[in-house]
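As the structure is a computational prediction, the values presented were derived from the model and not from experiment. Side chains included, hydrogens not; waters and symmetry mates left out as well; all remaining heavy atoms used.
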Amino acid sequence: MIPFVPLDYETLRLIWWLLLGVLLIAFAIMDGFDLGVAALLPFVARNDDERRIVINTIGPVWEGNQVWLILGGGAIFAAWPALYATSFSGFYLAMMVILIAIILRPVGFKYRSKLTEPRWRAFWDWGLFVGGFIPALIFGVAVGNVLRGVPFRFDDAMRVVYEGNFFGLLMPFALLSGLVSLAMLVAHGASMLMMKTSGAIYERARVYGSYAALATIVLFALAGIWIALGFKGYAVTGIQDTGGPSNPLGKTAVAEAGAWLANYGRHPWMMVAPLAGFLGSALALFAYQRRLAGFAFVSTALAIFGIISTAGLSIFPFLLPSSLDPNASLTVWDASSSHLTLWIMLLATLVFLPIVLAYTAFVYRVMRGKVTSDELGKNPNAY
């Protein structure tokens, strides 16, 4: 036992696995509606005035929402260094595509209104669309590749060797996962537009949100059926030391059909996750039909929670399975930082996470209400 650390290593690893899930879900819920709104921009807004309204529904909050992405990346870097190194090197080109797309958002926000020339504004409107559409799609593609297994191994010096390429990530199941992600975030963005707008934008968002919620149900079901019909997952064989030093090669693992469903047989309570994914999307569809904007937002958030939790619970204890050498797969028990590091990080999280939550709640309270043309005309800081 490390001095001054009251929690054992196994417990701290489990806590940080849960915290990582919380941060990723928070990012998908908070920044996810930004991505969804941006992806809907060309479709729900038909003139410059409507586009300004749509942009300003997320303009005051998108930067704060990206804090959750930074927190998630920081948690992976500090708590799961092997996962950070392997995934960021293996998905390097995909990460660069996401980064470029995300950069288009602040540039689009800042530069769009500098000129009134229609082609100038149309260019940046499509830039904002790309900044929402591409990350929403590729984040899901990344999850799909994790479920498939990533082509990496360790050499004799314990260096990670990645043997894949960018186009190898674009396999059918990964693309299906990307479409699930895109549909669920578009549905979430549509609910935010309903909460923040009125009139024609509201009605178009309601229609597109209905389609996206229905697509989420269908695509999520297809992904589940695909996994159930012989899709190869991964399983640890033998007994793994859950409280020992991190050593990714200190276990044996195999790839076998049905492995990603095994946890649900051992722990039936985990079925709550996929049920939440379907229920949230179905409730969102109901809310769109009944014009219940706030209820639609809560429902799409529930769907996001359920879908992401389904992926995390299905692969537990794996973090990043290896398709080249299953024994090299990274798990919760063999890819973490040291015992003391996890404890110090937990203390820091207990101090700073409530501050982030309180500030976020304050910002959304201040920014509450609908965005209208009259308000934009009176606000010199509006985009």
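- Note: Tyr84 and Phe88 have parallel aromatic rings, judged against thresholds of 30 and 60 degrees for the angle between ring planes.
- Taking a 6.0 Å sphere around CD1 of Ile239, one finds it holds 12 or fewer heavy atoms contributed by other residues, nucleotides or ligands.
- The side-chain heavy atoms of Ser337 and Trp16, taken from C-beta on, include no pair separated by under 4.5 Å.
- Arg290 CZ: 12 or fewer foreign heavy atoms inside a 6.0 Å radius.
- Between the side chain of Asn145 and the backbone N or O of Ala142, no donor-acceptor pair lies under 3.5 Å.
- Checked for salt-bridge contact, Arg153 and Glu163 meet the test: a charged N lies under 4.0 Å from a carboxylate O.
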Practice task
Determine, step by step, whether Trp124 and Phe109 satisfy the ring pair (Phe, Tyr, Trp, His ring centres under 6.0 Å) criterion, reporting the C-alpha distance in whole Å, the side-chain angles of both residues, the deciding distance to 0.1 Å, and the verdict.
Solution key: CA-CA 8 Å; Trp124 289 115; Phe109 283 129; over 10 Å; no

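- Taking every heavy atom of both residues into account, Lys251 and Ala328 meet most closely at NZ-C, 4.2 Å.
- Annotation: Phe91, atom CZ; neighbour count of heavy atoms from other residues, nucleotides and ligands within 6.0 Å is above 12.
- Taking the six-membered ring for Trp and the full ring otherwise, Phe139 and Phe27 have centroids separated by under 6.0 Å.
- Looking only at distances, no side-chain donor or acceptor of Ser336 sits under 3.5 Å from a matching main-chain atom of Val332.
- Asp8 approaches Thr11 most closely through the heavy-atom pair OD1-N, 2.8 Å.
- A donor-acceptor contact under 3.5 angstrom links the side chains of Asp34 and Asn65, judged on distance only.
- The number of heavy atoms from other shown groups lying within 6.0 Å of CZ (Phe154) is above 12.
- Considering only heavy atoms from C-beta on, Leu7 comes within 4.5 Å of Leu346 through its side chain.
- Tyr288 contributes a side-chain N or O that, together with a main-chain N or O of Ala187, makes up a donor-acceptor pair within less than 3.5 Å.
- Between Ser177 and Gly140, the shortest heavy-atom contact is CB-O, 3.2 Å.
- The distance from atom CZ of Phe297 to atom OG1 of Thr300, rounded to the nearest 0.5 Å, is 6.0 Å.
- Distance CZ/Phe33 to CE/Met195: 8.5 Å, rounded to 0.5 Å.
- Taken to the nearest 0.5 Å, the CE atom of Met96 stands 11.0 Å off from the CD1 atom of Ile98.
- For the pair Asn56 (side chain) and Gly59 (backbone), a donor-acceptor distance under 3.5 Å is absent.
- Crowding of Tyr211 atom OH: a count of heavy atoms from other residues, nucleotides or ligands under 6.0 Å not exceeding 12.
- Distance CG/Leu128 to CZ/Arg121: 12.0 Å, rounded to 0.5 Å.
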Problem - CA sep, side-chain torsions, deciding dist, call: Trp260, Phe231, ring pair (Phe, Tyr, Trp, His ring centres under 6.0 Å) - result: CA-CA 8 Å; Trp260 288 155; Phe231 188 93; 7.9 Å; no

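- Side-chain contact between Met194 and Arg204 is absent, with no heavy atoms from C-beta onward closer than 4.5 Å.
- Using modelled atom types, one side-chain atom of Glu117 and one backbone atom of Trp120 make a donor-acceptor pair closer than 3.5 Å.
- The backbone N or O of Thr237 sits less than 3.5 Å from a side-chain atom of Thr252, completing a donor-acceptor pair.
- Contact detail for Ala26 and Trp68: the closest heavy-atom pair is CB-CE3, 3.5 Å.
- Leu302 and Leu313 fall within the same hydrophobic cluster, where Ile, Leu, Val, Met, Phe, Trp and Tyr residues are linked whenever their side-chain heavy atoms come under 4.5 Å apart, directly or through other members.
- Side-chain atoms of Ser191 come within 3.5 Å of backbone N or O of His188 as a donor-acceptor pair.
- Tyr364 OH: more than 12 foreign heavy atoms inside a 6.0 Å radius.
- Here the shortest heavy-atom pairing between Ser299 and Ala284 reads CB-N, 3.5 Å.
- Between the CD1 atom of Ile76 and the CG atom of Leu20 there is a distance of 5.0 Å, given to the nearest 0.5 Å.
- No donor-acceptor contact under 3.5 angstrom links the side chains of Ser329 and Ser322, judged on distance only.
- When all heavy atoms of Ala174 and Arg148 are compared, the pair lying nearest together is N-CD, 4.3 Å.
- For Trp17 and Phe316, the ring centers sit closer than 6.0 Å to each other.
- Ring planes of Phe129 and Phe43: perpendicular class, angle over 60° (limits at 30 and 60°).
- If you check the side chains of Ser314 and Tyr264, you find a donor sitting under 3.5 Å from an acceptor.
- Considering only heavy atoms from C-beta on, Glu203 comes within 4.5 Å of Arg291 through its side chain.
- His339 and Tyr9 have parallel rings, their planes meeting at less than 30° on a 0 to 90° scale where 60° marks the start of perpendicular.
- Between atom CE of residue Met271 and atom CG of residue Asn263 there is a gap of 12.0 Å, rounded to the nearest 0.5 Å.
- Residues Gln66 and Leu71 fail the side-chain proximity criterion, which asks for heavy atoms closer than 4.5 Å.
- In this structure, Tyr92 and Tyr162 have side chains that are not in contact, with every pair of non-hydrogen atoms separated by 4.5 Å or more.
- Around the NZ atom of Lys370, the shell of radius 6.0 Å holds more than 12 heavy atoms that belong to other residues, nucleotides or ligands.
- No side-chain heavy atom of Ser323 sits less than 4.5 Å from a side-chain heavy atom of Phe152.
- Using modelled atom types, no side-chain atom of Ser210 and backbone atom of Leu285 make a donor-acceptor pair closer than 3.5 Å.
- At least one side-chain heavy atom of Ile55 sits less than 4.5 Å from a side-chain heavy atom of Arg112.
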Problem - salt bridge (Lys or Arg N to Asp or Glu O under 4.0 Å) between Arg105 and Asp31, worked out - result: CA-CA 12 Å; Arg105 285 203 294 174; Asp31 201 37; 3.1 Å; yes

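- Panel note: side chain Arg368, backbone Arg365; a donor-acceptor pair is recorded below 3.5 Å.
- Looking only at distances, no side-chain donor or acceptor of Arg51 sits under 3.5 Å from a matching main-chain atom of Pro42.
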